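Following this message is one structure expressed as structure tokens.
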Amino acid sequence: MEKIRTRFAPSPTGFMHLGGLRTALYCYLYSKKHGGDFILRIEDTDQERFVEGAVEVIYSSLNESGICYDEGPDKGGEFGPYVQSERKAIYLEYAKKLVELGGAYYCFCTKERLESLTDENGNRKYDKHCLKLSKEEVEARIAAGEPYVIRQNIPLEGTSVYEDMVFGTISVDYADLEDNILIKSDGLPTYNFANVVDDHLMKISHVIRGTEYLSSTPKYNLMYDTFGWERPHYIHLPIIMKDQTRKLSKRYGDANFDDFVNKGYLPEAIVNYVALLGWSPKENVEKMTMAQMIELFSLDGVSKSPSIFDDVKLRWLNGEYLKELSDEEFLKVATPFFKQSKVYGKYDLLQLSALLKTRVEILSEIPDKINFLEEFGEYDTALFFHKKMKTDAELAKTVLPWIREKLASAPSFDHDTIHDLLIGLATEKEMKNGQILWPARVALSGKDVTPGGAIELALILGKEECLRRIDFSINLLNK
RNA sequence: GGCCCCUUGGUCAAGCGGUCAAGACAUCGCCCUUUCACGGCGGUAACACGAGUUCGAGUCUCGUAGGGGUCACCA
């Protein structure tokens with residue numbers, strides 16, 4: 001059986017789109033599932049879109065995601081170079097061969113002439129004007145230094161059919177296809193040509209890419225056929241949408257891998273979530289390690305319809321990953337976010353990590369959740385209301401002074417002591433624990449949700465600060 | 001607009017002619033609890049529409065509607 005070889009071929013735009021990340025992931029999973037190779041190829045034939053540092057972004061994103069390629073620009077391999085701009089001579093050679101085979105031709109048409117071909121609907125299709133040129137004329141004009149491109153020669157009639165491994169049979173009439181440019185006037189190839197030559201030369205067995213190529217694939221097949229090359233297998237993937245009608249895009253700032261990492265999502269969670277968009281394992285599991293994904297990956301679990309990116313579910317998944325971290329691991333990934341908070345350097349971060357772990361879905365929530373430790377001021381006393389505990393501001397007025405007294409008299413300020421004092425207070429007054437603890441927690445934090453209950457907060461704040469805050473809260477209630 | 005493709009709850013999705021149409025997120029309710037959170041249990045909620053084919057259709061066919069993709073010297 002042939003060796004499975006897949007490739008991820010991004011163009012260096014400066015960021016890693018989540019859709020691209022998923023494509024890379026599926027390429028990786030499919031090749032690894034079948035013991036094959038996964039190749040990274042940089043498609044930088046558009047010099048106008050060159051972005052400084054963009055290639056490094058691709059390397060680092062893939063690396064952080066745990067998607068490892070076997071061959072690539074920075075890894076080497078026997079089919080290099082893996083950067084298209086370094087393969088210019090190769091494309092030209094094959095383009096000439098294709099011209100000889102009748103699959104392509106030189107074109108000297110000016111931009112103006114091309115524009116004159118536009119119809120009333122704003123569409124235009126090249127009219128094969130230069131196909132008629134004799135070989136002698138072509139050579140003379142090239143020799144005279146006239147700029148030219150090389151176009152693909154597509155039949156005027158007939159139908160092209162191929163099997164896509166997820167979409168099934170796709171058939172397109174040649175009449176609906178245009179004689180696209182294969183080699184631009186700057187001598188570099190377009191995607192239309194480079195991908196065919198490279199995929200063949202790099203022995204790619206399965207081409208995995210987005211559905212935007214679903215209907216242009218016949219053009220590529222035509223070239224494979226003309227060259228006498230074996231066509232690869234095709235696996236087209238549905239796109240990822242932002243909502244019903246818009247796709248996830250850079251434009252809305254919601255498609256970039258790095259942005260998600262900076263917002264406090266773990267790369268593993270992002271990869272795991274993205275894997276689930278458009279694919280579901282037979283076993284009906286959702287949280288998976290890379291190794292599990294490789295094991296479970298299968299093409300018949302890949303769906304044909306576009307899926308909408310749901311950041312609520314991503315948050316949940318990220319939270320799941322966070323919860324299973326040890327306190328130390330959590331501290332490590334959370335440190336950049338602790339630094340953004342007002343408490344950095346003033347509290348025991350490992351202790352806070354333990355409390356925060358089950359209360360945070362994305363790391364960027366951290367500053368907001370803990371800033372109250374340093375910032376305490378007026379708050380809405382409606383927070384004292386809790387239906388189930390039957391507490392409210394009125395009850396707080398009577399309970400808070402008792403709490404203050406207990407805490408003030410505490411012989412030491414450790415967990416057990418505070419616990420016994422507060423619970424003891426509830427027993428003593430024949431109240432529910434919550435009727436003491438809820439007001440205490442609110443009075444200490446001024447917040448409805450806090451990292452930890454009243455006892456944990458008291459411990460973190462320390463005796464003096466606790467008393468100060470309770471006094472403040474009593475005053476607030478009596479206003 | 002032409003061509004290609006898609007259509008199960010709010011979202012991700014199982015299903016591949018016969019199921020009470022899975023599961024997850026979200027949502028709602030209950031429980032647990034040392035309060036918030038975590039956790040446990042349960043509820044609401046879907047086969048776009050219309051014709052066929054068939055004893056029987058979410059599953060097959062055709063049409064309609066809706067959505068997406070594509071029509072560049074971008075990939």
Side-chain angles (χ1 to χ4, degrees), chain A residues 9-11 13 43-46 48-49 84 107 111 114 119-125 147-151 164 167-168 170-173 175-178 180-186 188-192 194-195 209-218 236 238-239 241 243-247 273 276-282 284-287 300-301 303-317 319 323 355-360 369 386 388-389 391 418-419 422-423 426 432-442 445 447-457:
Chain A
S11 55
T13 56
E43 308 224 328
D44 61 345
T45 57
D46 184 4
E48 283 176 27
R49 295 212 301 189
Q84 290 186 330
C107 172
K111 202 177 174 186
L114 259 22
D119 68 15
E120 63 280 2
N121 289 322
N123 299 132
R124 72 168 183 238
K125 189 179 172 187
Y148 67 90
V149 299
I150 295 179
R151 285 181 183 275
D164 180 89
F167 283 89
I170 304 294
S171 78
V172 179
D173 290 341
D176 295 319
L177 268 19
E178 194 188 11
N180 289 109
I181 288 170
L182 265 22
I183 299 290
K184 301 181 279 186
S185 54
D186 64 3
L188 282 168
T190 57
Y191 172 85
N192 299 114
N195 94 86
R209 73 207 344 171
T211 50
E212 60 267 35
Y213 300 109
L214 197 61
S215 50
S216 54
T217 294
H236 286 99
I239 53 169
M241 307 287 289
D243 55 38
Q244 237 13 265
T245 58
R246 291 175 298 176
K247 57 180 168 180
Y273 176 67
L276 259 16
L277 282 178
W279 170 66
S280 69
K282 286 276 164 290
N284 199 19
V285 289
E286 297 204 300
K287 190 160 172 293
D300 43 52
S303 68
K304 300 179 187 178
S305 50
S307 42
I308 298 172
F309 186 90
D310 183 10
D311 57 283
V312 173
K313 185 150 182 177
L314 205 210
R315 290 178 69 104
W316 164 78
L317 229 203
K323 265 178 255 172
L355 294 172
L356 249 15
K357 218 166 60 180
T358 57
R359 289 165 236 257
V360 162
K369 289 216 188 286
H386 184 91
K388 239 179 72 182
M389 289 301 152
T391 71
I418 301 170
H419 172 267
L422 294 181
I423 300 303
K432 291 188 195 178
N433 294 340
Q435 290 180 300
I436 298 299
L437 294 167
W438 179 281
R441 196 178 60 81
V442 172
S445 66
K447 294 183 70 104
D448 58 342
V449 179
T450 51
I455 297 162
E456 281 99 351
L457 290 190

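We use all heavy atoms of the structure for the numbers below, so side chains are in, but hydrogens, waters and symmetry mates are not. These figures come from a predicted structure and were not determined experimentally. Residue numbers start from 1 in every chain, and the chains themselves are labelled A, B, ... in the order their sequence lines are given, proteins ahead of strands.
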- Query: Within the pair A:Ser303 and B:A13, is there a side-chain N or O less than 4.0 Å away from OP1 or OP2?
  - Reply: yes

Grab the N/O contacts between the protein and nucleotides 27-31 of chain B below 3.5 Å, and write none if there aren't any.
none

- Message: Tell me if the side-chain of A:Lys313 makes a donor-acceptor pair with the base of B:A26, cut-off 3.5 Å, by modelled atom types.
- Response: no

- Message: For the P atoms, the ones on B:A46 and on B:G58, what distance do you get once it is rounded to whole angstrom?
- Response: 15 Å

N/O to N/O distances under 3.5 Å, protein versus nucleotides 73-75 of chain B:
from, atom 1, to, atom 2, distance (Å)
B:C73, O2, A:Ser185, N, 2.9
B:C73, O2, A:Ser185, OG, 2.8
B:C73, N3, A:Ser185, OG, 3.0
B:C74, OP2, A:Lys184, NZ, 3.2
B:C74, O2', A:Asp46, OD2, 3.3
B:C74, O2', A:Arg49, NE, 3.4
B:C74, O2', A:Arg49, NH2, 3.0
B:A75, OP1, A:Thr45, OG1, 2.6
B:A75, OP1, A:Asp46, N, 3.4
B:A75, OP1, A:Lys184, NZ, 3.4
B:A75, OP2, A:Tyr191, N, 3.0
B:A75, O3', A:Glu43, OE1, 2.8
B:A75, N3, A:Tyr213, OH, 2.9

- What integer number of Å spans the P atoms of B:A45 and B:C31? 23 Å

- Item | Whole-Å gap separating P (B:G9) and CD1 (A:Ile308) | 11 Å

- Query: Taking only side-chain nitrogens and oxygens of A:Lys287, does any of them come within less than 4.0 Å of OP1 or OP2 of B:A24?
  - Reply: no

- Message: For the C1' atoms, the ones on B:C25 and on B:U44, what distance do you get once it is rounded to whole angstrom?
- Response: 15 Å

- Identify whether the distance between the nearest side-chain nitrogen and carboxylate oxygen of A:Arg49 and A:Asp46 falls below 4.0 Å. yes

- Message: Need one value for A:Lys125: base, sugar-phosphate or nothing, where a base atom within 4.0 Å counts as base even if backbone is also close, heavy atoms only.
- Response: nothing

- Message: Measure CD1/A:Ile239 against P/B:C12 and give the value in whole Å, please.
- Response: 13 Å

- Task: Look at the side-chain N and O atoms of A:Trp316 and state whether any lies under 4.0 Å from the OP1 or OP2 oxygen of B:C25.
- Result: yes

- Query: Which value, rounded to the nearest 0.5 Å, describes the distance between A:Asn180 atom CG and A:Thr190 atom OG1?
  - Reply: 7.0 Å

- Quantified in whole Å, what is the P atom distance between nucleotide B:A51 and nucleotide B:U19? 22 Å

- Task: Using a heavy-atom cut-off of under 4.0 Å over every strand shown, decide if A:Ser171 touches base, sugar-phosphate, or nothing.
- Result: sugar-phosphate

- Out of B:C4, B:C36, B:C12, whichever nucleotide has its closest atom nearest the side chain of A:Ser307: B:C12

- Item | Nucleotide-level pairing of RNA chain B, given in dot-bracket where Watson-Crick and G-U pairs need both distances under 3.5 Å and | marks other strands | ((((((((.[[[..)..(....]]].(((((.......)))))....[[[[[..)....]]]]])))))))....

- Task: Pick the P atom in B:G23 and in B:C4, then give their distance to the nearest Å.
- Result: 39 Å

- Message: Work out how far the C1' atom of B:C47 is from that of B:G39, and round it to whole angstrom.
- Response: 34 Å

- Item | Rounded distance in Å - CG (A:Asp243) to P (B:U7) | 19 Å

- Note on the structure: Atom CD1 of A:Ile455 and atom P of B:U35 are separated, to the nearest Å, by 9 Å

- Is it true that A:Lys313 and A:Glu286 make a salt bridge, defined as a side-chain N closer than 4.0 Å to a carboxylate O? yes

- Quantified in whole Å, what is the C1' atom distance between nucleotide B:U33 and nucleotide B:G40? 11 Å

- Message: Say we look at B:C3 and B:U64: how far apart would their P atoms be, to the nearest angstrom?
- Response: 12 Å

- Length of the line joining A:Leu214:CG and B:G67:P, which is rounded to integer Å: 20 Å

- Task: Under 4.0 Å between any heavy atoms, over every strand shown, what does A:Asp448 touch: base, sugar-phosphate, or nothing? Just pick one.
- Result: sugar-phosphate

